[in-house]
Amino acid sequence: MIKSRVIKNSVTESSGADLRFMARAIQLAKRGIYTTHPNPRVGCVITRQDQIVGEGWHMRAGEPHAEVHALNAAGEESDGATAYVTLEPCSHHGRTPPCADALIKAGVSRVVIAMQDPNPQVAGSGIAKIKAAGIDVSVGVLQAEAEALNPGFIARLTRGRPFVRCKLAMSLDGRTAMASGESKWITSTPARQDVQRLRARCDAIMTGIGTVLLDDPQLDVRPEGIEELHVVLAGETQRPPMRVIVDSTLRTPVASRLLALPGKKLIATAVEHSEILDTLRQKHVNVCRFAGGDERVNLPLLMEYLAALEINELMVEAGPVLSGAMLQAGLIDELVIYMAPHLMGDQAMGLMTLPGLDQISQRVMLKTKDIRAVGDDWRITLQPVAA
C-alpha cells in the first residue's frame, strides 16, 4: 500500500457519507478498466448536502479526466460542493489541463481523495495546490480499494516494471498438456471467456517461443459471449494489447498468426544477429536484444523496457519453462490458475519448470487471494509471498 506523503491530510476514520460516495467513485472508475491505459482508472463524484450532483470517470487517454466530467455534470452546483476522487488530482499539464486547477476554479469547498498519485510529476503536488487554495482535503478514504484498481500503474511508477499476472490452466492433478503437447481444451467455455476479460484489461500479453511453435496462438481479445467486451470493442475504445514473444535464439516463424494481427509486436531475444531480422522488421515487428546468462533473455531487463513503453499490466500466457523462469526471477505479482475437474495422468506436462528445488524448505510459498467457481472449473488467484 502506498503511504500518503501528506500526513496532515490523511484520515484514519471516515464518515459513512465519505465511504459511500468514495465507493461510488470507485465503482465509476471500474468502467474504464478496459480503455484508459496507459492512464490510471479514476472516478469522481460531486456532492452537495449529501446528494450527488455530478459524477464521471476517465474513459480514454488524451480525453478529459474524471474530475472534469463530474464538474461539467454538476455545473453551478460545484460551487461549495465536496468532490470525491479515487486518485489525487493532477497538477501538471499533460495531454489535458490540471484537474487541481479545475476543482479550484469550480469553487469546491472540500476534496476527498482515496490515494495519492505515484506519478513523480504529481506525487502530492496536486494535494498541496488544492490545500493552498484554502480547500479542505482528506486523503486515504478506501485507499486499498483504489489501489486495487490500478496495480499496473502503481507498479510501473514505483517499481519501474509492469504488474505481471501469469495465467495458467491445469487439470486437477496439475497438468497443463498431454505428453504430445495437446492442450485444447483443458478448461470450459466460461473459464476461457473469463480469460478474455483478463486479456482485455492488459496492455501486453507475453508468451514463449515454445508456445508459439507448438500452438501458433493469436493472443487476441475475443468478445464472443461477453457483453461488456462487445460494448467496448464495438466502440473501438480498446486498443489490442501488445504481443511479446520471449525467443532467446530467434526461432519465431515469419508466418506465425500472432505476427499477422494488428497492433504492436515485440520479440525479445538474446542473439545479436539473425537471418530473419530484416523480414521480421518488414512485418513491423520490434526485435530487441536483452542478453542474459546462458544465452537466455534477461527477463528483469525486459520488464524495465516494457515499463518504458508504458505497459502497466502484463499478462503471461506461456508454457512451464517461461512461467517458471518468471516466477523464480521474482517477476510475477499474481498467479491466476484455472483448474478443471479432470485428471490427465502422470505422463502429461506439469504446471511449471522450477529447477533447483530439492528440499521442502525451498518450495515457493503462495498466498491465496481468491477462489471461485467459473463454470465447471475453479479460478484460483494467488500471490507469491516473496512479491
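Counting from 1, the numbers follow the sequence of the chain as shown.
Residues Leu301 and Ile311 are members of one and the same hydrophobic cluster, defined by side-chain heavy-atom contacts under 4.5 angstrom among Ile, Leu, Val, Met, Phe, Trp and Tyr. Taking hydrophobic clusters as Ile, Leu, Val, Met, Phe, Trp and Tyr residues chained together by side-chain heavy-atom distances below 4.5 Å, Val297 shares a cluster with Met326. Leu172 and Met349 fall into different hydrophobic clusters, where Ile, Leu, Val, Met, Phe, Trp and Tyr are joined by side-chain heavy atoms under 4.5 Å apart, directly or via other members. Two different hydrophobic clusters hold Leu351 and Met315 under the rule that ILVMFWY side chains link at heavy-atom gaps under 4.5 Å. Tracing side-chain contacts under 4.5 Å through hydrophobic residues (I, L, V, M, F, W, Y), one reaches Leu327 starting from Val246; they form part of the same cluster.
Scanning all heavy atoms of the two residues, the minimum distance from Pro300 to Leu331 falls at N-CD1, 3.8 Å. Of all non-hydrogen atoms in Met352 and Cys166, the two that sit nearest each other are CE-SG, 4.4 Å. Closest approach of Ile245 to Gly208, counting heavy atoms only: CG2-C, 4.4 Å. Here the closest heavy-atom approach between residue His37 and residue Ala61 is recorded as O-CB, 4.3 Å. Of all heavy-atom pairs spanning Val374 and Asp194, the tightest one is CG1-CB, 4.1 Å. Closest approach of Ile130 to Pro89, counting heavy atoms only: CD1-CG, 3.8 Å.
A search for side chain to side chain donor-acceptor pair (under 3.5 Å) contacts involving Arg156 returns Asn312, not counting sequence neighbours. The ring-ring contact (aromatic ring centres under 6.0 Å, His included) search around Tyr305 returns Phe290, not counting sequence neighbours. Partners of Asp220 by side chain to side chain donor-acceptor pair (under 3.5 Å), not counting sequence neighbours, listed by chain and number: Arg222. Residues forming a salt bridge (charged side-chain N to carboxylate O under 4.0 Å, His left out) with Asp203 (at least two apart in sequence, or on another chain): Arg239.
Among pairs with a residue in residues 250-264, those fulfilling side-chain hydrogen bond (donor to acceptor under 3.5 Å, both in side chains) read Asp247-Thr252, Thr249-Arg251, at least two apart in sequence or across chains. Annotation: salt bridge (Lys or Arg N to Asp or Glu O under 4.0 Å) contacts involving residues 313-332, sequence neighbours excluded, comprise Arg41-Glu313, Arg165-Glu313, Lys167-Glu317, Arg199-Glu317, Arg201-Glu313. For residues 353-378, the set of pairs meeting the side-chain hydrogen bond (donor to acceptor under 3.5 Å, both in side chains) definition, not counting sequence neighbours, comprises Ser188-Asp377, Glu334-Lys369, Asp370-Arg372. The list of salt bridge (Lys or Arg N to Asp or Glu O under 4.0 Å) pairs with a residue in residues 297-307, not counting sequence neighbours, is empty. Counting only residues at least two apart or in different chains, salt bridge (Lys or Arg N to Asp or Glu O under 4.0 Å) contacts with residues 286-296 are absent. Residue pairs that meet the salt bridge (Lys or Arg N to Asp or Glu O under 4.0 Å) test with at least one member in residues 272-284, sequence neighbours left out, do not exist here. Sorted by first and then second residue, the ring pair (Phe, Tyr, Trp, His ring centres under 6.0 Å) pairs with a member in residues 132-154 form an empty list; sequence neighbours excluded.
Side chains of Asp215 and Thr207 form no contact here, defined as non-hydrogen atoms less than 4.5 Å apart.
Going from atom CE of Met178 over to atom OG of Ser171 covers 8.5 Å, rounded to the nearest 0.5 Å. How far CG of Leu302 is from CG of Leu266: 6.5 Å, rounded to the nearest 0.5 Å. In this structure, CD1 on Ile371 lies 10.0 Å from CD1 on Ile337, to the nearest 0.5 angstrom. Atom OG1 of Thr269 is separated from atom CG of Leu250 by 4.5 Å, given to the nearest 0.5 angstrom. To the nearest 0.5 Å, atom CG of residue Asn150 and atom OG1 of residue Thr86 are 7.0 Å apart. Rounded to the nearest 0.5 Å, atoms CE (Met344) and CE (Met170) are 11.5 Å apart.
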Query raised in the report: Under the side chain to side chain contact (heavy atoms under 4.5 Å, CB included) criterion, do Leu335 and Gln383 qualify, and how do the steps go?
Result: CA-CA 6 Å; Leu335 281 164; Gln383 178 185 352; over 6 Å; no
Query - From CA spacing to verdict: side chain to side chain contact (heavy atoms under 4.5 Å, CB included), Thr82, Val112 - result: CA-CA 7 Å; Thr82 296; Val112 182; 4.0 Å; yes
Query raised in the report: Could you go step by step and tell me if Leu366 and Val385 meet the side chain to side chain contact (heavy atoms under 4.5 Å, CB included) rule?
Result: CA-CA 5 Å; Leu366 305 171; Val385 172; 5.6 Å; no
Query - Candidate pair Arg110 and Asp18, rule side chain to side chain contact (heavy atoms under 4.5 Å, CB included), full reasoning - result: CA-CA 11 Å; Arg110 181 173 180 242; Asp18 283 354; 2.8 Å; yes
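Not a single donor-acceptor pair under 3.5 Å links the side chain of Gln116 to the backbone N or O of Leu87. Between the side chain of Glu88 and the backbone N or O of Ile127 there is at least one donor-acceptor pair closer than 3.5 Å. Not a single donor-acceptor pair under 3.5 Å links the side chain of Asp216 to the backbone N or O of Val212. In this structure a side-chain-to-backbone donor-acceptor pair under 3.5 Å is present from Ser323 to Gly319. Between the side chain of Thr158 and the backbone N or O of Ile154 there is at least one donor-acceptor pair closer than 3.5 Å. In this structure a side-chain-to-backbone donor-acceptor pair under 3.5 Å is present from Thr35 to Met59.
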Please tabulate, for the side chains in residues 42-58, all donor-acceptor contacts under 3.5 angstrom to protein atoms that are two or more places apart in sequence or on a different chain.
unit_1	atom_1	unit_2	atom_2	d
Arg48	NE	Glu77	OE1	3.3
Arg48	NH1	Asp79	O	2.3
Glu55	OE1	Arg24	NE	3.1
Glu55	OE2	Arg24	NH2	2.7
His58	ND1	Pro64	O	3.3
His58	NE2	Asn39	ND2	3.1
His58	NE2	Arg60	O	3.3

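Atom NE2 of His342 is surrounded by more than 12 heavy atoms from other residues, nucleotides or ligands within 6.0 Å.
Asp101 and Lys129 are joined by a salt bridge, as a carboxylate oxygen and a charged side-chain nitrogen come within less than 4.0 angstrom of each other.
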